[in-house]
Amino acid sequence: MAIVLLRVDERLIHGQVVVGWGSSLHPDRIVVVDDELAGSTWEQELYTVGLPAQLEAQFATVEEARRALPGWLADPARVIVLTRDVRTMRRLAEHALLRGHEVNIGGLHYAPGRHAILPYVYLSDEERTEMRRLADEGAVVTARDLPGSRRVDLGQLLGRH
Amino acid sequence: MNWLAVALLGGIVGLDATGFGQLMLSRPLIAGTLTGVALGRPLAGLAVGLALEVFALVILPVGAARYPEVGTGAVAAAAAHVDAAGAAAPAPMLLLAVAFGLVWETVAGQAVILSRRQNERLVAGDRTLGALTARSLERRHLGAMSLDFARGALVALVGALVGSVLLRTLAPYWALGSVAALGMIVVGGSGMVGATLPLFGGWSERKAAFVVGIVCGLLILLLA
Amino acid sequence: MTPLGRGVRAGMFLRSFAVQGSWNYRTLVGAGLAFSLLPALRAVYGRRGERLDEAVRRHAGVFNSHPYLSPMAIGAIARLEADGEDAAVVERFKSAIRGSLGTLGDRLVWAGWRPVCLLFTLALLLVGVPWWAGVVGFLLAYNTGHLLLRVWSYRLGLERGKGVAEQLRQSAVPRLQRLLTVAGAFLAGVVLPLVASGRLVGLRLELPWALAAALVAFLGARYGAVVRRPIVIGLVGFALVGLFLQIVR
C-alpha cells in the first residue's frame, strides 16, 4: 500500500503535516482532495508556498480522487491524502472504498457550534454523524495530531462531551 | 536588590517573548545581561545569561507546543546570582544560578500556559466571540497584553527572591570543588551547542560546514 | 474600493507587533489579527457601527502566522477588504495562507536567522569582545533583519493581495533559507570548541573535561533537541548531589 496517511485537517498542507508526519513517513506526494480547491489556482499556490522542493503537491476533486485511488494504492510512490473536513473524507470513502484503512483526524479547530473533544479536535453534531458514517463505510477512524502522540479511537472521540 | 528594576525587566521580557515585539530582549543572553546592568553587575549577569543562552538555542516556539520560558527565567537567575554574590565561592554560585535558572524557566513556562488559558476566556470564549465589537476587542486584546506584562513581572520577581534565598543558604555547602562545578556547565553546554546541528539540516547535509567551523574554532583557540 | 491612507497603513504596521498579544489555544492569534486590521476595517466600514463589528467578529476567528510574516497577511487582507472582495473569498485566503506563513517563518527565522545571529554573538563574546558590544551588536544586527522582513512582507501583502504566493516563490527567501542553514552549521562548529575548552565559564579546563564535553556534543549533534531534557536533568541533579554530599557529612 502506498497511501501512507489519510488525514482530515482543516489546515491542509502545513508544518505539522510536512515536517511532523513528513519526517517519519517520507512521502513523495501530498494529494489534497477538495472540490473547490481543485479548480482554484490562486489558492493552490498559497497552500504550496512552504513545501520543500522534493515533495510534490496535487489537488483533486472527490470524483477524480475516487477514480485515482486504486492507482495510488498500487503505485510505489508514497502518498499523503488530505481533506479539510470529515464530510469530504466520507464522500471519498463511499461504497467501502477505504475499507480497512486508517483515517487520521488531525486538526479540526474551534468554530461556533463545535465542541472541544481534544485540544486539536472540535466537533459539531453534524461532524459526529459524518464520522459515524465514515466508520460505517469500513474506515478505521482515529485521532492523532503527530506521529509521537497518543492515538484516540472513534469510541473515545464520540463518547466524550 | 532593586526589586522594582527586576519586576520591570521581567514584565518587558515576558511581553517581548510572545505578546509584543519579539525584539529578542527575551533571549537569556540579553535578559540576563540587562538584569546585571540594572543591578550594577553586568558581568555577573552576562555569565548566567551566556550559559542559559546556550541551553536555550534549540527551543523553537513552533505552533502550540509548550516550552520553558527562557527570558523571565534568565532575569530571575541573573538577579539571584548578583544578589547572592559573596555568600560562597564564585564557581558553585554560577552552577547553582544556572541550575536554578533552568528550573525556573519551566515554572515560568507553566505560568505562560495559564495566561494563554486566561486569554482564551478573554478573547475567544463562546459568548465573547459572538458579541465582539471593535471597541471591546481592542480593550480585551490590550487587557491580555497588560496581564502578560504583570505575569512576567511577577514570575521574575518571585524567582529572583526564591533564587536568592536558595543560593545564599545552599551555595556554602557545595562539596565538589570549583572545577567540577564549572566543568558540568561546560559539558552540558557543549551538548546543547552540538544539538543545534540538526536545526540546520543535521550531519548528513551540513557536515562540511560544521567540520570547517570546528577547525576554525580550534584555530582561534590555538592562536588566542 | 477604499483607499488605504498613510495613517491607516502605518497604524496596521505598528499594531502588527502586537499580533500575538492575546495568544490562546482556541483561536491562536485570531484576536490579534482583528486588532491589527482595525485601522483598515474602520476605513472600509466606518468608525463604528454594526458593519464594523461584524467585520471584527469575522476576523477574530482562528488564525495563525509567524509574527514577522504576519504583516504580509495583514496587508493582503486589508487590500482585499478595501477592494470590496467577497467575505467568503477573504476567508478562503486566510485559510490558505496561514499554514504557509507559519512554515516559512519557522524555517527562515526560528531555525535560521535567530540561531545564526545568536551563535555569531556567542562566538564574539567567547573570543573576548566586550559584553556591551556583543549585546548591542546582536540587538542591532538581528533586528535590522527582523524589521526588513516585516517591511518587505507588509509591502508585498498590501501590493499583491491574493497574489502574494507567486512573488514569494520567485523571491530570494528559499535561497536565503538555505544559506542561513549553512552559516548556522559553520557557526555551531566554531562555537563548539570555544564552549568545550571552558571559555563559556572563563576557565581553561583539563583534557578529560574537554573529552567529556566532546562526547556529549557528539550525542547532541546526533540526536538534536531531545538531548536537552536529559542534559538539564543531569545538570540540576549534579548540583543537588554536590550539595547533598556536604550536608550529610
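Each chain gets a letter, A, B and so on, in the order the sequences are listed, and its residues count up from 1.
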Q: Give a yes or no on this: more than 12 heavy atoms of other residues, nucleotides or ligands lie within 6.0 Å of atom CD of Glu54(C).
A: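 Yes, because the 6.0 Å sphere around CD of Glu54(C) holds more than 12 heavy atoms from other groups.
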(Q) Run the side chain to side chain contact (heavy atoms under 4.5 Å, CB included) test against Ala221(C) and tell me which residues pass, sequence neighbours left out. (A)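 Scan of Ala221(C) (side chain to side chain contact (heavy atoms under 4.5 Å, CB included), adjacent residues dropped) gives Leu197(B).
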(Q) Restricting to side chain to side chain contact (heavy atoms under 4.5 Å, CB included), what partner residues turn up for Phe149(B), sequence neighbours left out? (A)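 Here the qualifying residues are Leu8(B), Ile12(B), Leu15(B).
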Quick one: are [X] and [Y] in side-chain contact, heavy atoms under 4.5 Å?
| X | Y | answer |
| --- | --- | --- |
| Arg135(B) | Arg48(C) | no |
| Arg26(C) | Asp126(B) | yes |
| Leu96(B) | Leu243(C) | yes |
| Ile30(B) | Phe138(C) | yes |

Region of [X] in contact with chain B, defined by heavy-atom distances below 4.5 Å:
| X | result |
| --- | --- |
| Val182(C) | both |
| Val56(C) | side chain |
| Ser16(C) | neither |
| Val62(C) | neither |

[X] versus chain C, the contacting section by heavy-atom distance below 4.5 Å:
| X | answer |
| --- | --- |
| Thr133(B) | both |
| Leu46(B) | side chain |
| Ala134(B) | both |

Q | Verdict with supporting geometry, Arg42(C) and Glu138(B), salt bridge (charged side-chain N to carboxylate O under 4.0 Å, His left out) | A | CA-CA 13 Å; Arg42(C) 286 200 167 113; Glu138(B) 261 177 332; 3.2 Å; yes
Q: Determine which pairs satisfy ring-ring contact (aromatic ring centres under 6.0 Å, His included) with at least one residue from residues 30-62 of chain C, sequence neighbours left out, and list them in order.
A: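 Passing the test, one end in residues 30-62 of chain C: His141(B)-Phe35(C).
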Q | Heavy-atom contacts under 4.5 Å, residues 202-212 of chain B to chain C | A |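 So far as heavy atoms go, Arg206(B), Ala209(B), Phe210(B), Val212(B) are the residues that approach chain C to under 4.5 Å.
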